[in-house]
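Ligands are counted one by one from 1 in listed order, and the atoms in each one are counted from 1 as well.
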Amino acid sequence: MRYAILTHGGAASPESFSDGCVAAAEAARATLDRGGDALAAALAATAALEDDPRFNAGTGSILRLDGTAIEMDASVMSSDGRFGAVTCIERVKNPVLVAARVMETPHLVLAGAGATAFARRVGFEDHDPSTLRARERHARAIADLEGLGDGRHAREAPGWRRGPPGHYFGFADLCAGADTVGAVVRDAQGRFAATASTGGTLFTLRGRVGDAPTMGAGVYAGPHGAVAATGIGEEIVRRFLAKSVYDWVAEGLAPARAASRGLAMFPDVVDVGICVIGRTGHVVTSNRSMARAALAG
Ligand code: GLY
């Protein structure tokens with residue numbers, strides 16, 4: 001059995017950011033070289049992506065619609081069925097590493113203030129994940145919502161109705177700008193792991209939960225492989241994307257065919273990407289540009 005590592009910077013992320021995905025995949029390979037398993041390698045890759053401020057996860061996460069909060073989601077699943085996730089966690093550097101600690105508890109998902117308090121209890125220090133780039137991106141998005149911007153985010157804006165100053169109501173059919181990061185790994189012993197981490201979508205209310213911390217939507221892993229999805233969370237959850245694709249691989253479909261079938265479930269207007277590793281193959285693909293990397297050996 002050979003190892004394989006796939007990383008991505010999110011559906012619609014610039015392919016020019018793929019160097020960050022390569023660095024993340026190399027961190028995963030170094031972990032395997034040191035004797036770490038697929039789970040440890042996927043966590044190393046995802047933590048590296050969270051630390052790269054160009055990506056919407058960990059440091060660099062986008063702001064919620066209120067312009068002040070950064071709430072992050074992350075999850076991890078291994079092929080022995082273990083799963084851990086955090087949602088709407090604040091002020092931690094690496095949400096995916098907190099999600100891994102949730103695996104050690106009787107719970108699957110910790111949310112909001114409870115997730116942040118748990119992170120502190122198990123040793124994760126206070127960290128401000130905001131960046132100038134994220135604040136500027138938020139300002140541009142709000143300008144478009146107000147009809148004053150350059151239109152770059154106009155596709156997402158019309159579904160939001162203006163309320164009193166600074167308040168917006170009503171969801172768009174699609175909440176876009178969803179560049180999650182993630183990884184899938186198969187180690188030489190045939191174990192699999194999948195991860196996802198994100199600051200959420202561009203126009204997002206506080207408290208919103210997307211696909212990244214939802215088992216079977218953003219990630220799934222089992223004895224036949226591992227899948228990590230990226231894109232608009234609400235659309236991914238509705239289609240149970242990661243588990244659907246995993247099931248097709250388990251039934252014998254090649255990863256590339258299973259991934260194509262998964263993408264075909266979405267209308268063209270929905271950004272979506274997927275990484276799939278099976279026992280004998282792997283693929284990372286998207287219906288948009290997507291920063292990505294693949295290492296195998
Ligand atoms: N896929 C990221 C999100 O919807 O939150």
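- Polar contact check, T180 against ligand 1: a nitrogen or oxygen pair lies under 3.5 Å apart.
- At a heavy-atom distance under 4.0 Å, only side-chain atoms of R208, from C-beta outward, approach ligand 1.
- Ion pairing of E90 with R206 is present here, as a side-chain N (NZ or NE/NH1/NH2) and a carboxylate O approach within less than 4.0 Å.
- Hydrophobic cluster membership for V102: L39, L43, L63, I70, M72, V76, V86, I89, V92, V96, L97, V98, M103, L110, F118, V122, F124 (Ile, Leu, Val, Met, Phe, Trp, Tyr linked by side-chain heavy atoms under 4.5 Å, directly or transitively).
- The shortest N or O to N or O distance between D211 and ligand 1 is under 3.5 Å.
- The atoms of ligand 1 that sit less than 4.0 Å from any heavy atom of G200 are 5 (O).
- Among all heavy-atom pairs drawn from Y246 and H224, the shortest one is OH-N, 3.0 Å.
- For the pair R261 and W248, the cation-pi test (distance below 6.0 Å, angle within 45°) is passed.
- Checked against side-chain contact (heavy atoms from CB on, under 4.5 Å), E136 has the following partners two or more places apart in sequence or in another chain: L132, R140.
- Ranked by closest heavy atom to atom 1 (N) of ligand 1, the top entry among G231, G233, P213 is G231.
- The closest approach between T201 and ligand 1 falls below 4.0 Å for a heavy atom of the residue.
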